[in-house]
2 protein chains.
Amino acid sequence: MNTTQLLDRLSGKTDKLSKSDLKVAAVVLRDPQAAIHQSIAKLATEAGVSEPTVNRLCRKLGCNGYPDFKLKLAQEISRGSHLFSENMEASDDTRTVINKILSSIEQSVNSIGQATSPASIEEATDLLMSSKSIYFFGMGASGPVALDAQHKFARFGIPVVAHTDFINQRMMCSMLTEEDSAVFISYTGRTKAIVDNAELATKSGARTIGLTRSGTPLAKHCRVVVNAVTAEDTDLFTPMTSRIIHLALVDILATKMALQLGDEVEKNIKAIKTNLQSTRS
Amino acid sequence: MNTTQLLDRLSGKTDKLSKSDLKVAAVVLRDPQAAIHQSIAKLATEAGVSEPTVNRLCRKLGCNGYPDFKLKLAQEISRGSHLFSENMEASDDTRTVINKILSSIEQSVNSIGQATSPASIEEATDLLMSSKSIYFFGMGASGPVALDAQHKFARFGIPVVAHTDFINQRMMCSMLTEEDSAVFISYTGRTKAIVDNAELATKSGARTIGLTRSGTPLAKHCRVVVNAVTAEDTDLFTPMTSRIIHLALVDILATKMALQLGDEVEKNIKAIKTNLQSTRS
DNA sequence: TGAATTACGTAAGTTTATTACAAAAAGGAC
DNA sequence: GTCCTTTTTGTAATAAACTTACGTAATTCA
C-alpha cells in the first residue's frame, strides 16, 4: 500500500505527465487545500483544460476517479505528509528531518492498522495465554524488540525469556514443548538463522508465532503469523519503521493479553509499581 | 485548530442526534475508513434510512453536504487523532484494541514533533559526531532502547556500546573522557541508578546527553537534553508510548548524523547490506 | 385528545463525474 | 516533407451522485 504519492507525483518527477496534465498539476500544487473543495469542472476551467483531462490525470495517479483523488489528497494534506516521504537530503534542515521521520513513522503505524487482522492477534494471544512459558527470538535490529517484549510480558506472571544469540536460540528451540510459545521476530522473514530456528521449534512441537511479513520463509514455518508490513524500503531507513511496527504489534499482543487476564495482571502491576517507587529520586 | 470533531460528535455525546441519525452514526463509526468511499445512497441503505437523512446529519455536524463530510472525515481519519485516547476496556474487541493502541502511538509521535526543539537535536548530534566513542545507557524499559541505539549507530564507524546493567554502566561512567559521549535514556528521569550514573559521567567530563523529560533530575545532570514527553500516563500503558518516543528520537539523531556524515556512511551501509545477503534464505 | 413541532421519506431536480467517440497534435519512417 | 501511427485532447451524451421541495408520519406538550 503506497502511502504517499499524489503531491509528489504531481510534480512530474516520477511520472510522465503531458502538457495538459502539468497545467492541472500546477493549479493543484499552488493550493492543494483549495483544490479539494472544487468540482472537477472548476478545476478544469482554472487549469484551462477539459474535464476528462482532469479525470484522466486522476486515474494516471492511481486514483479511482476525481472524487477519490480529492479524498486521497485531503488525507495527504491533513496528515502533513506532504512534507514527503521522499528521501532525506543532506540539505534538509533539522526541523525537516524531524518531520520526515515522524511522518514516516505515522504512516507505517497507520498502515499496519489496516494490514493487521484481528483474527491473527486473537490466535496469537490464545496461544500465548495458555502457555507454560514464552520465548521471544530476534536478531540484529529485532534483538532489542525481543528484549522489549520480554520486559513487557514479564508482568503477566508467566515465565518469559528473550534470546538474541543464535546458539542460545538454537538450544532453546530444540528443547521446547507443546506447552511453550515461541515468538520469532524478523522484518525480512528471510534471515536464515531465524528461519532455521523457527523450523526447529515447530518440529519440537512448540506453538510458533511469527512477527513477520506474511508469505516469507519464516512465516511458512510458524503456526500463527502476525503480519508486519511496511511500505517504504529505503536503503538508509528501512530498519527504522520496521522496529516501530514490531513494537506496536508487541504492544497490541501484550495489551490484548492483559485485558483478558484482567485482575491478576493489575495486581502484578501494582506490586511492581510500588516496589519501583524506592528506586526513584 | 480543532482536530477531532466528526467522529466524536457522531457518538452523540455532544450533539442531540435523532434515532435515524444514530443509525447512520453507528454505521460510520463501525468502519469510518469504508464510509468515506461510499456514496450517500449506499450509506443510507446500510443504515436503513433515506438519503436526505444522511445529508441532514452532515449539515447538522457542520459540513457543507455529504461530499464535504466525507472529505472532513477522511482528513480526521488520516491524521489518526480519531479513535480515543480513552483507556482500554475489557469489553473492547480486538479491532478496537488495535485502533486504540495505534492511535495513542500516533498521538505521541505527533506531540514530540512539536516538543522537540531542532536546536537540541543539533547540539546532541554535534557532540555525538565528534566523539571518539559513544555509550548508551538505559535500564528497564529503556534497556532495549539503548540496545537499539547501539545497533543503529554501529553503522557510523564510531565505536558504540550500550549498557543496561547498573554495575557495568557505573564502571564505564567512571572511565569516560571528554571525548566520549554518553546518552542516558529514561522516561521518568527519576530512576536513581541512572541519575547517579549520569552525574558520575558528567563529573568524569564526558559529553552527557539525556533522552528524557526536561526538568527532571536526570535532565539536570546532562549537558544536553533532548526532551521526551508524552501526554498519557496510564497505569497499564505508560511504558508503551514512551519507548516509541525514545526510539523515534534515536532515529532522528541517527538520521541527522547520517546526513552530516554523508558518503562515508553510505559506503558502510552498502558493505553491511552486501554481507547480509548471504545470511538470507 | 389535539395542535404544534420535529423527524423522516418520496420524488423531482440539479449538479457533478464518467464514458464514448471524434478531432487534433505529436512522433516516426521513409 | 508526407503519410501513417500513436498519443493527447476536447465535445457531447450518459450516468451517477447529491440536494431540494414537499408531504406524511411520528413525537411532544398542553
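Residue numbering restarts at 1 for every chain, and letters A, B, ... go by the order of the sequence lines.
- Taking 4.0 angstrom as the limit, A:Ser39 places none of its side-chain polar atoms (N or O) nearer than this to OP1 or OP2 of C:dT15.
- If you take CD1 of A:Ile40 and C1' of C:dT19, they are 12 Å apart, rounded to a whole angstrom.
- Checking side-chain atoms of B:Lys70 against main-chain N and O of B:Ser39 turns up no donor-acceptor pair under 3.5 Å.
- We find that CG of A:Asn64 is positioned 12 Å from C1' of C:dA17, with the value rounded to whole Å.
- Rounded to a whole Å, the CZ atom of A:Phe69 is 17 Å from the P atom of C:dT16.
- For B:Leu57 and C:dT6, the CG to C1' distance is 16 Å, given to the nearest whole Å.
- The backbone N or O of A:Ser186 lies less than 3.5 Å from a partner atom in the side chain of A:Thr212, making a donor-acceptor pair.
- Across the interface with DNA chain D, nearest-nucleotide mapping of B:Lys19 and B:Glu51 shows B:Glu51 to be the residue nearer the 5′ end.
- In this structure, A:Asn55 places its CG atom 13 Å from P of D:dG10, rounding to the nearest Å.
- Straight-line distance from the CZ atom of A:Arg59 to the C1' atom of C:dA20: 13 Å, rounded to whole Å.
- At whole-Å resolution of the value, CZ in A:Arg56 and C1' in D:dT11 are 11 Å apart.
- The closest donor-acceptor contact from the side chain of A:Asp68 to the backbone of A:Cys63 lies at 3.5 Å or more, if one exists at all.
- Here B:Lys70 lies in heavy-atom contact (under 4.0 Å) with sugar-phosphate atoms only.
- Among the nucleotides D:dT20, D:dG10, C:dC8, the one closest to the side chain of B:Pro52 is D:dT20.
- Closest non-hydrogen pair, A:Arg223 versus A:Arg207, comes out as NH1-CA, 3.9 Å.
- The interatomic distance linking A:Leu43 (CG) with C:dA17 (P) rounds to 10 Å, in whole Å.
- Regarding contacts with the backbone of D:dT11, every side-chain N or O of A:Ser50 stays at 4.0 angstrom or more from both OP1 and OP2.
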